[in-house]
Peer 1: 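Handing you a structure now.
Side chains are part of it too, since the values below use all heavy atoms of this structure and drop only hydrogens, waters and symmetry mates. Note that ligands are numbered from 1 as they come in the structure, with each ligand's atoms numbered from 1 the same way.
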Amino acid sequence: MRILVIEDEIKMARAIRRGVEQGSYAVDVAADGDAGLRAALARDPDAVILDLMLPGLDGFEVVRELRSRGRWMPILVLTARDAVADRIQGLDGGADDYLVKPFAFGELLARLRALLRRDVRERPSELVVGDVVLDPAAHRVTRGGRPVALSTKEFALLEFMMRRPGLGLSRDRSLEHVWDYDYGGASNVVDVYVGYLRRKLEQPFGKPLIRTVRGVGYSLEPA
Ligand code: CA
């Protein structure tokens, strides 16, 4: 088991390293958020111990970046005493557990063991409609196992439709959900983006995906 410790205070980092090594884990240490993120992405450690207050990228941003890139290793965050808001934000942002400084190393190891035991990396579930798979967290789309690169808006429109497969979705409703404001009805932006999706998800595969529902809008119906 390889553990990555991201902590800028040298004394604290050393102490954590010693403590974690006593649990016979291999330990890497990164001294700021950017280095920590790079190390986490490159080495894919089994767990990360992350201080929230860091120079450069802070701990919250490190969690967010890792999760948005589909990395689901357990993350234990270290927070200052009384920083309840930090703990909540850290957990909401995708951290798995927290420990308040100062802590006993026995407790750190116990928390770490519990996180590693959980093992099942709980991923937000993928959306599957026919042979199209969309991973909301990793921002990945495949059709028939082949990756398809989509822009942010194309992705958002496809996700909206995949959450309601087979339903005739009006342009107005799609606009509200994907573009988040009232376009005024005259715009053909939904038609344009459905065109983009068809070009990327139908044409290369020679199979239909989005049906035009006359007088309504569109319906996702993969062949
Ligand atoms: Ca710190």
Side-chain angles (χ1 to χ4, degrees), residues 1-126 134-140 149 151-152 155-156 159 180:
M1 293 281 188
R2 193 156 201 98
I3 312 298
L4 174 65
V5 177
I6 309 176
E7 164 66 271
D8 59 309
E9 291 148 66
I10 294 172
K11 270 189 177 168
M12 176 61 91
R14 268 195 209 131
I16 295 173
R17 175 198 280 275
R18 269 199 305 274
V20 174
E21 278 174 349
Q22 274 169 27
S24 35
Y25 302 109
V27 181
D28 296 306
V29 176
D32 63 52
D34 302 271
L37 178 63
R38 275 198 308 275
L41 291 172
R43 291 174 202 162
D44 201 22
D46 297 289
V48 175
I49 298 173
L50 172 67
D51 186 34
L52 284 178
M53 303 299 284
L54 292 168
L57 281 183
D58 67 24
F60 301 112
E61 292 168 313
V62 172
V63 173
R64 210 176 310 128
E65 282 295 313
L66 286 174
R67 297 318 191 210
S68 76
R69 294 174 198 212
R71 303 304 179 96
W72 298 100
M73 73 281 279
I75 300 176
L76 174 65
V77 297
L78 307 177
T79 71
R81 205 200 323 235
D82 301 331
V84 179
D86 282 3
R87 265 172 259 159
I88 293 167
Q89 195 187 338
L91 294 172
D92 280 350
D96 298 279
D97 198 2
Y98 67 87
L99 201 52
V100 178
K101 289 179 178 179
F103 47 82
F105 286 102
E107 184 175 10
L108 177 72
L109 282 177
R111 298 285 182 98
L112 196 55
R113 278 195 297 271
L115 285 179
L116 291 167
R117 250 198 321 270
R118 238 193 257 173
D119 195 45
V120 186
R121 300 186 175 187
E122 291 169 25
R123 303 170 54 89
S125 52
E126 293 175 329
L134 181 147
D135 184 335
H139 263 249
R140 263 198 301 264
S151 73
T152 310
F155 188 93
E159 181 177 355
D180 209 26

Peer 1: Charged N to carboxylate O under 4.0 angstrom, Asp97 versus Arg113?
Peer 2: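 So Asp97 does not pair with Arg113 through a salt bridge.
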Peer 1: Using only atom types and a distance under 3.5 Å, with no angle test, would you say the side chain of Glu61 pairs donor to acceptor with the backbone of Asp58?
Peer 2: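 Judged by distance alone, yes, a pair lies under 3.5 Å.
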Peer 1: Mind checking whether the Ca ion (ligand 1) has an N, O or S of Met12 under 3.0 Å?
Peer 2: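 No.
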Peer 1: Do Asp46 side-chain atoms and Arg2 backbone N/O form a donor-acceptor pair below 3.5 Å?
Peer 2: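 Checked: pair present.
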Peer 1: For the Ca ion (ligand 1), find the closest N/O/S atom belonging to Asp51 and write down its atom name.
Peer 2: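 Nearest to the Ca ion (ligand 1) within Asp51's N, O and S set: OD2.
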Peer 1: Should we say atom OH of Tyr98 is surrounded by more than 12 heavy atoms from elsewhere, each under 6.0 Å from it?
Peer 2: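 No, because the 6.0 Å sphere around OH of Tyr98 holds 12 heavy atoms or fewer from other groups.
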Peer 1: Nearest to the Ca ion (ligand 1), which N, O or S atom of Glu9 do we find?
Peer 2: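 Looking at Glu9, the N, O or S atom with the least distance to the Ca ion (ligand 1) is OE2.
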Peer 1: Looking at Asp8, which of its N, O or S atoms is the nearest one to the Ca ion (ligand 1)?
Peer 2: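 The atom in question is OD1.
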